[in-house]
There are 2 protein chains.
Amino acid sequence: MVTIGDVAKAAGVSRSTASYALSGKRTISPAVVQRVLDAVEELGFTPNAGARALATSQTHVIGLLARFLSDEFAPAMLQYILGVTNRAGELGYDTLLVSEEDGVNALKRLSTSRMVDGFVLLNVAEHDDRLQFLRDAAQPGATVGLPGQCDGIDVFDLDFVASGRIMVDALADMGHREMILVSQPQHVVERGGAYVWRLADGAQARADERGVVLHRYFGSSTQPEIGKDLHRYLDTHPGATGLLLNNEAAAAALPSVLTSRGLASPTDISVLGRYSDDFARTFSLPFSAVDSAADELGRRAVEQLVARIEGDPAVAAPHLVELISPTIHDRGSIAPPPASRG
Amino acid sequence: MVTIGDVAKAAGVSRSTASYALSGKRTISPAVVQRVLDAVEELGFTPNAGARALATSQTHVIGLLARFLSDEFAPAMLQYILGVTNRAGELGYDTLLVSEEDGVNALKRLSTSRMVDGFVLLNVAEHDDRLQFLRDAAQPGATVGLPGQCDGIDVFDLDFVASGRIMVDALADMGHREMILVSQPQHVVERGGAYVWRLADGAQARADERGVVLHRYFGSSTQPEIGKDLHRYLDTHPGATGLLLNNEAAAAALPSVLTSRGLASPTDISVLGRYSDDFARTFSLPFSAVDSAADELGRRAVEQLVARIEGDPAVAAPHLVELISPTIHDRGSIAPPPASRG
DNA sequence: CACCTGTATCGAACCGGTTCGACTCGATGC
DNA sequence: GCATCGAGTCGAACCGGTTCGATACAGGTG
């Protein structure tokens, strides 16, 4: 293997001079710099990552802690992962992906062994046991997902309260007065999926403000249960003209439920989901939806993490809690309710 | 940070003794070993990964080169990734995930900087430009996907030729005489997705042997195009009673296509796909399918890679080309054709 | 001409582990 | 009683980078 010593020898200088020529941290004569660069080129020198990490205490690797929970839609996670790895790559960082069950253990291991410069945590719950160790870690961390306590970390998430509000608004603006909100299953909430009730509360508050009736349900996350759930909701509330879906499985199941009831969207019923554009394409879902912004959240988390890694540690920038404003991707599934039309 | 020097001092021994006490590579008296272990415990010592890598030339990290091609069904890739990371974790290895466009560059970079002990390549094409560099690399490599040239690497893949055969057999055994095979889009083949024609050729050969009519198509990999494709195929071949799907998007789109045509499986048409069990669960697909064995392939690739990394380099084990026999996961979507029933 | 300044370079130390060779000491063999 | 041996330990070197302090030398100043 080619070391910087080989490069130095080939260029006829000392190791330190070669190092400075490459890093530019001290002034080296242009002639020498050129000789060093030529030697690097000729010999095919690449610095040994371990040695550099040892000397500089920087690995240029970030740890990505994913968490795949049962009854969750795994493919949705991929968007976040790719958002992180791609942006990290652009910024000169590699990504160590950990899918271990025991996130706390992985976090400790990577942190104390100094394998990474920082962490990105995905799928963060209201009370996430990984956070305590993240705060104590020597490396900074950013999360995708809004936990109960945000101190000491940078937090990124979709603004789910606002999402709930604009979902109600979108339908209420069209004249809908009664709608059904289908959330994730109850146990997703119980294990800390706070975004579920955040969206629901935002929706409820806005519904109350506008005098709209909102029926709230926790739907199943599996087929065919969710299909039956949807039928039951529609049977129970024949006056409801709008459907808000904060549940990927419900969105995926809805087309065949509507078909079998002889309903069409938006003619008979308006539908508004909350999922990513990729998800919509994959499932060919014709419903307008609040974009979950997975890609953007992953990107932003990495950007902030890298800024903190590379920032002056003396100037501890205040920690961010960045809630991305929801945007609706219009696919034409919202219209005025049947009764209000000719 | 706690170093082995701190541990040695606390235990009242030299650094080298502490190191040997922990590694067991030389005999150290039980009393000293215990004192060292106590010190490690008390101080919370974890070896610095960079330092260890520098000294041992082993990083205990494997590089995972994923390749997300346009018009490919990204969620399917997740299964392979998790198969790799999970098994690697069990074997004591962390996984560096690279999703870079330029796989060749990433490979070179990780290899020459000695960031990883070996590589797993996913989504390997017939003529994959990454392979040439993998063969020249100082680290061993394993692939998931069967390339044209397999020398110098360990190769794992599903036996797609056999898959094609058993897919035809499964339907022909039930009495079907005319079926449609929907493959991946043509350009997936053109850029080296050899598994597409391997399965198609296997199917065609078996169909010819049995006197079965097989209509072959390259379907789109995106919605809603694939839905329209499916409708067209069914319109064109009203006599076809079986559908073979080597195209995830087609499988995902089929339920609504069938519903809108008023067809049910297997009553009106028998369907056999080729995708993983996880995929079926995630998308609630009710079709029997040849399992793509994503998880197993990822696992096997890692196991072989680790064996090679840790094996005696003097004893160069012959390289493997392991084709996993296809198995059908029965979900009840295959039955005799309508005409042959009462 | 002595003095100072700044530029360009070198040698040595350091990061935190691992490992080789040498040393000590008590037990064993003759 | 002395050489031999093995168990147990230590010091030093090494892995391949980075970085600090010192030095050499050129040019400018009083």
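Chain identifiers are assigned alphabetically (A, B, ...) following the order of the sequence lines, protein sequences preceding nucleic acid strands; residue numbering begins at 1 within each chain. Just so it is clear, the model here is predicted, and its values are computed rather than measured.
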Taking atom types as modelled and ignoring hydrogens, do the side chains of [X] and [Y] form a donor-acceptor contact shorter than 3.5 angstrom?
X	Y	answer
B:Q139	B:S111	yes
A:S16	A:S19	no
B:S99	A:N86	yes

What's the closest nucleotide to the side chain of [X] if the choices are [options]?
X	options	answer
A:V13	D:dA12, C:dC10, C:dA13	C:dC10
B:T3	D:dT18, C:dG11, C:dG16	C:dG16
B:L54	C:dG16, D:dG17, C:dT9	C:dG16
B:Y20	D:dT19, D:dT18, D:dC10	D:dC10
A:S16	D:dG11, C:dA12, C:dT18	C:dA12

How many angstroms lie between CG in A:L82 and CG in A:D295, if you round to the nearest 0.5 Å?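 Separation between the atoms: 8.0 Å.
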Quick test: give all pairs of protein nitrogen or oxygen and nucleotides 6-8 of chain D nitrogen or oxygen below 3.5 Å, distance rounded to 0.1 Å.
from, atom 1, to, atom 2, distance (Å)
D:dG8, OP2, B:T27, OG1, 3.4

How many Å lie between [atom1] on [X] and [atom2] on [N], as a whole number?
X	N	atom1	atom2	result
A:L22	C:dT9	CG	C1'	15 Å
A:L43	D:dG16	CG	P	14 Å
A:M115	C:dG16	CE	P	17 Å
B:F45	C:dT18	CZ	P	7 Å
B:I4	C:dG16	CD1	C1'	9 Å
A:D6	D:dC15	CG	C1'	13 Å
B:H60	C:dG17	NE2	C1'	14 Å
A:R114	C:dG16	CZ	P	9 Å

Which side-chain N or O atoms in residues 148-157 of chain B pair as donor and acceptor under 3.5 Å with protein atoms at least two apart or in another chain?
from, atom 1, to, atom 2, distance (Å)
B:D151, OD1, B:R135, NH1, 3.4
B:D154, OD1, B:Q304, NE2, 3.3
B:D154, OD1, B:R308, NH2, 3.0
B:D154, OD1, B:L320, N, 2.8
B:D154, OD2, B:Q304, NE2, 3.3
B:D154, OD2, B:R308, NE, 2.5
B:D154, OD2, B:R308, NH2, 3.3
B:D157, OD2, B:L146, N, 2.9

Between [X] and [N], does any side-chain N or O lie under 4.0 Å from OP1 or OP2?
X	N	result
A:R15	D:dT18	no
B:T17	D:dT9	no
A:K25	D:dT19	yes
A:T56	D:dT18	no

May I ask you to decide whether B:R299 forms a salt bridge with B:E296, counting only side-chain N to carboxylate O separations under 4.0 Å?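 Not counted as a salt bridge, because no side-chain N and carboxylate O are separated by less than 4.0 Å.
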Start at the 5' end of DNA chain D and walk down; is the nucleotide closest to B:V33 or to A:T46 reached first?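 Going by which nucleotide is closer to the 5' end, it is B:V33.
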Looking at B:R67, B:R130, B:R109, which one forms a salt bridge (charged side-chain N to carboxylate O under 4.0 Å, His left out) with B:E100?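 Of all the options given, the one that passes is B:R109.
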Under 6.0 Å from the CD atom of B:E101, do we count more than 12 heavy atoms belonging to anything else shown?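 Open: at most 12 neighbouring heavy atoms sit under 6.0 Å from CD of B:E101.
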